Participant: 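A single structure is presented below for examination.
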Number of protein chains: 2
Amino acid sequence: MAIDESPARLRAKPSWLISKTSARAHRLIAEAMAGAGGRAYHFAILAALDEFGPGSQAQIGQRCGIDQSDMHAMVNELARQGHVERMPDPGDRRRNLIELTAAGRRRLEELDAALSGVQDSLFDALSAAERDQLTQLLTRILG
Amino acid sequence: MAIDESPARLRAKPSWLISKTSARAHRLIAEAMAGAGGRAYHFAILAALDEFGPGSQAQIGQRCGIDQSDMHAMVNELARQGHVERMPDPGDRRRNLIELTAAGRRRLEELDAALSGVQDSLFDALSAAERDQLTQLLTRILG
DNA sequence: GGCCAAGATTGGTTGGACCAAGGATATTGG
DNA sequence: CCAATATCCTTGGTCCAACCAATCTTGGCC
């Protein structure tokens with residue numbers, strides 16, 4: 001799709017540009033993650049565990065903006081791959097404590113590298129300073 | 001979801017920020033369009049017809065980045081609402097010429113106003129200059 | 001003990017983006 | 001002028017992310 005041939009009214013709506021960019025990113029990321037046998041959600045969860053330490057599914061889900069039921073499925077996948085361990089919280093038996101394994105820590109770096117590569121090809125047209133600018137604008141929007 | 005509580009590794013990936021922003025925009029737009037009895041696709045198609053004049057479904061679809069089969073469904077909806085007319089192209093009987101009706105032209109302005117309102121609430125945190133900046137960055141990415 | 005809240009699990013639904021095949025018509029090459 | 005190829009519409013799907021609701025267990029509270 002040649003963006004410069006799309007209707008001007010459309011091009012004038014930032015939400016449309018964002019949606020198209022997001023779609024393209026989604027495609028590239030899905031590809032990259034499929035090649036690595038993972039998904040974007042995996043990276044998010046592993047990153048949360050790495051930064052904040054073990055936690056319940058609910059906590060991690062909230063931090064990453066992932067739905068409870070989706071969290072369940074993702075933790076199943078990560079546990080099956082040995083990147084995460086699900087263990088009952090001794091202090092609250094409602095909870096599963098999710099813990100990063102050593103393999104999970106390596107996996108996080110692996111996925112991070114793959115995703116960083118995607119960022120490079122996606123934002124190829126922007127300088128480093130412009131990427132920062134973009135990041136800051138988006139962060140303010142979401143704030 | 002409080003973005004400042006999400007993992008730093010995630011926040012550092014522009015693609016993640018874009019995806020979240022896109023999701024929020026999608027929610028707001030779906031709401032606004034549902035309230036008006038339409039969809040985002042309707043606006044795109046009407047805008048293309050308004051700017052480029054009548055055309056085949058394939059042409060319009062390419063301009064807007066809409067799949068052929070989805071175009072079919074959307075034109076059905078717009079035709080049923082009287083915003084568009086489907087007529088056989090006399091010069092090429094494979095084609096349907098899609099034409100904007102007078103009601104469709106009014107509808108376009110109506111949807112445009114609704115979408116502009118959504119942009120305002122979505123990009124509330126940005127100044128007009130910053131919105132332009134964002135638009136330009138995204139346009140360059142998609143270029 | 002009785003009640004409400006939180007967490008996990010299960011089992012959905014919805015909408016957008018895609019893909020494939022077939023029938024009708026055009027176009028092109030020989 | 002015929003055969004092969006391409007285009008366009010139409011139909012009928014698939015796939016996945018996002019989301020929602022109900023249930024069950026456990027914890028906290030009065």
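Side-chain atoms are counted along with the backbone in the values below, which use heavy atoms only and exclude waters and symmetry mates. To find a chain, count down the sequence lines: A is the first, B the second, and so on, and within it residues start at 1. As the structure is a computational prediction, the values presented were derived from the model and not from experiment.
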Participant: When you match B:Ser19 and B:His72 each to their closest nucleotide on DNA chain D, which lands nearer the 5' end?
Facilitator: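 Closest to the 5' end, via its nearest nucleotide, is B:His72.
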
Participant: Check every strand shown and say whether A:Asn96 touches a base, only sugar-phosphate, or nothing at a heavy-atom separation below 4.0 Å.
Facilitator: sugar-phosphate

Participant: Do A:Arg9 and B:Phe43 form a cation-pi contact, if we require the NZ or CZ to be under 6.0 Å from the six-membered ring centre and within 45 degrees of the ring's axis?
Facilitator: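 Pair A:Arg9/B:Phe43 does not count as cation-pi.
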
Participant: Could you check how far CZ of A:Arg93 sits from C1' of C:dA6, rounded to whole Å?
Facilitator: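 It is 15 Å, rounded to the nearest whole Å.
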
Participant: In whole angstrom, give the distance that lies between atom CD of B:Glu77 and atom P of C:dG16.
Facilitator: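 Going from CD in B:Glu77 over to P in C:dG16 covers 9 Å.
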
Participant: Taking the nucleotide of DNA chain C with the nearest heavy atom to each, does A:Leu97 or B:Pro90 sit closer to the 5' end?
Facilitator: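 Counting from the 5' end, the first nearest nucleotide belongs to A:Leu97.
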
Participant: Measure CG/A:Asp89 against P/D:dT26 and give the value in whole Å, please.
Facilitator: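 Rounded to whole Å, this separation is 13 Å.
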
Participant: Using a distance-only criterion (donor-acceptor N/O pair, under 3.5 Å, no hydrogens), is the base of D:dC19 paired with the side chain of A:Asp70?
Facilitator: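 Yes, the side chain and the base share a sub-3.5 Å donor-acceptor pair.
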
Participant: Give a yes or no on whether a salt bridge exists between B:Arg131 and B:Asp120, defined as a side-chain N under 4.0 angstrom from a carboxylate O.
Facilitator: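 The answer is yes: the pair qualifies as a salt bridge.
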
Participant: Ignoring backbone atoms, establish whether B:Gln59 has a side-chain N or O less than 4.0 Å from OP1 or OP2 of D:dC8.
Facilitator: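 False: B:Gln59 side-chain N/O out of range (4.0 Å or more) of D:dC8 OP1/OP2.
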
Participant: Could you give the CZ-to-C1' distance, from B:Arg95 to D:dT7, as a whole number of Å?
Facilitator: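 Result: 8 Å.
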
Participant: Given the structure, check if the side chain of B:Arg94 and the base of D:dT7 hold any donor-acceptor pair shorter than 3.5 Å.
Facilitator: yes

Participant: Under a 4.0 Å threshold between the charged nitrogen and the carboxylate oxygen, would B:Arg80 count as salt-bridged to B:Glu77?
Facilitator: no

Participant: Distance check needed: C:dC19 P versus B:Ile66 CD1, whole Å only.
Facilitator: 16 Å

Participant: Could you tell me whether the side chain of A:Arg86 reaches within less than 4.5 Å of the side chain of A:Val75, counting heavy atoms only?
Facilitator: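 Answer yes - side chains close enough.
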
Participant: Tell me the interatomic distance from B:Asp92, atom CG, to D:dA6, atom C1', rounded to whole angstroms.
Facilitator: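 Atom-to-atom, B:Asp92 to D:dA6, this comes out as 12 Å.
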
Participant: Closest to the B:Ser56 side chain: D:dT10, D:dC8, D:dA18?
Facilitator: D:dC8

Participant: Below 4.0 angstrom from OP1 or OP2 of D:dC9, is there any side-chain N or O of B:Arg86?
Facilitator: no

Participant: Between atom CD in B:Gln68 and atom C1' in C:dA24, what is the gap in whole Å?
Facilitator: 14 Å

Participant: May I ask you to verify whether the side chain of A:Ser69 and the base of D:dC20 hold a donor-acceptor pair under 3.5 Å?
Facilitator: yes

Participant: Rounded to whole angstrom units, what separation is found between the CG atom of A:Asp67 and the C1' atom of D:dA17?
Facilitator: 11 Å

Participant: Can you hop from B:Leu126 to B:Leu115 via hydrophobic side chains spaced under 4.5 Å?
Facilitator: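 Yes.
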
